[in-house]
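See below for the structure under consideration.
Residue numbers count from 1 along this sequence.
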Amino acid sequence: VQLQASGGGLVQAGGSLRLSCVASGRTFGGLVMGWFRQAPGEEREFIAGISRSGYNTYYADSVRGRFTISRDNAGNTVYLQMNNLKPEDTDVYYCAARIDYSENYFYTEARNYAYWGQGTLVTVSS
């Protein structure tokens, strides 16, 4: 599975960005997807997860109500819509994938994901 993330950039506090992650090499509908972020010297932090079906989603407390994860199985893409961005959201964002046989599971720990994108930098200025 190959993952290609895009959509990062520089935005002012209160602004919005939408990250995209395109998957290839595997039927996308068979993948549980997640978004994480990581600052230099820190552990990778779970942001949002979505089940294969897209029916179940879960968010970290720090982003719940501001970020929305969604997926387009026909387009092999998972999205992270980020609204009301704050300076503390500044980080490198990674999409992740896991082959799973359940349509409705999601995962919140990095160790549960086998495949990772290259990261896209989000910078929020105050």
Side-chain angles (χ1 to χ4, degrees):
V1 177
Q2 293 79 45
L3 302 175
Q4 181 69 41
S6 62
L10 174 64
V11 63
Q12 289 188 332
S16 298
L17 283 174
R18 187 175 81 157
L19 305 183
S20 300
C21 176
V22 179
S24 60
R26 180 83 183 188
T27 301
F28 187 69
L31 300 174
V32 173
M33 303 298 297
W35 285 98
F36 291 75
R37 64 188 182 189
Q38 186 173 25
E42 297 187 8
E43 291 188 359
R44 203 156 286 189
E45 175 191 7
F46 170 80
I47 295 301
I50 188 166
S51 61
R52 286 175 47 197
S53 65
Y55 184 76
N56 289 326
T57 58
Y58 190 77
Y59 299 91
D61 289 343
S62 58
V63 305
R64 186 174 290 117
R66 299 188 297 123
F67 291 11
T68 302
I69 187 171
S70 62
R71 66 188 295 157
D72 173 7
N73 283 355
N76 298 341
T77 303
V78 63
Y79 301 99
L80 186 68
Q81 177 66 44
M82 305 185 295
N83 297 330
N84 191 22
L85 282 160
K86 305 176 180 180
E88 53 263 42
D89 293 318
T90 295
D91 254 326
V92 178
Y93 284 69
Y94 297 89
C95 59
R98 170 194 170 97
I99 298 170
D100 204 88
Y101 295 100
S102 170
E103 289 193 355
N104 296 313
Y105 281 4
F106 53 81
Y107 299 86
T108 63
E109 297 186 12
R111 62 184 177 89
N112 290 129
Y113 292 86
Y115 305 99
W116 293 86
Q118 83 287 3
T120 185
L121 176 62
V122 172
T123 303
V124 184
S125 63
S126 58

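In this structure, the side chain of S51 engages the main chain of N56 through a donor-acceptor pair within 3.5 Å. Without hydrogens or angle criteria, N73 side chain to R52 main chain gives a donor-acceptor distance under 3.5 Å. Between the side chain of R66 and the backbone N or O of N84 there is at least one donor-acceptor pair closer than 3.5 Å. Judged by distance alone, the side chain of S53 and the main-chain N or O of E103 form a donor-acceptor pair under 3.5 Å. The closest donor-acceptor contact from the side chain of Y113 to the backbone of Y107 lies under 3.5 Å. Looking at T57, its side chain never comes within 3.5 Å of a backbone N or O of I50 through a donor-acceptor pair. Looking only at distances, a side-chain donor or acceptor of D91 sits under 3.5 Å from a matching main-chain atom of A39.
Here the CG atom belonging to L80 is positioned 9.5 Å from the CG atom belonging to L17, to the nearest 0.5 angstrom. The CZ atom of R37 sits 13.5 Å away from the CZ atom of R44 when rounded to the nearest 0.5 Å. Remark: Q81 CD to S20 OG distance equals 9.5 Å, nearest 0.5 Å. Atom OH in Y59 sits 9.0 Å away from atom CZ in F46 (nearest 0.5 Å). In this structure, D89 CG and S62 OG are separated by 7.5 Å, a value rounded to the nearest 0.5 Å. Distance check: L85 CG to S125 OG gives 10.0 Å after rounding to the nearest 0.5 Å.
In this structure, Y93 and F67 have tilted ring planes: the angle between them lies in the 30° to 60° band.
Connection of V78 to Y94 is not established within any shared hydrophobic cluster, with ILVMFWY side chains joined at heavy-atom distances below 4.5 Å, either directly or through further cluster members. Note on L121: it clusters hydrophobically with W116, by side-chain heavy-atom contacts below 4.5 Å among ILVMFWY residues.
For Y58, the OH atom counts as loosely surrounded, since its 6.0 Å shell holds 12 or fewer non-hydrogen atoms of other residues, nucleotides or ligands. Under a cut-off of 6.0 angstrom, the local environment of OH in Y105 is sparse, with at most 12 non-hydrogen atoms contributed by other residues, nucleotides or ligands.
Considering only heavy atoms from C-beta on, R26 stays 4.5 Å or farther from Y115 through its side chain. Side-chain atoms of F28 and M33, non-hydrogen and from C-beta on, do get closer than 4.5 Å to each other. Annotation: side chain of V63 is not in contact with side chain of E45 (no heavy-atom distance under 4.5 Å). Put simply, the side chain of L31 reaches to within 4.5 Å of the side chain of I99, judged on heavy atoms.
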Scan the side chains in residues 3-15 for donor-acceptor partners under 3.5 Å anywhere in the protein, sequence neighbours excluded, and list what turns up.
none

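Ion pairing of D61 with R64 is present here, as a side-chain N (NZ or NE/NH1/NH2) and a carboxylate O approach within less than 4.0 Å.
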**Request:** Would you check, one step at a time, whether the test side chain to side chain contact (heavy atoms under 4.5 Å, CB included) holds for V122 with L19?
**Result:** CA-CA 9 Å; V122 172; L19 305 183; 4.1 Å; yes
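Among residue pairs with one or both ends in residues 105-126, those qualifying as salt bridge (charged side-chain N to carboxylate O under 4.0 Å, His left out) are E109-R111; sequence neighbours excluded.
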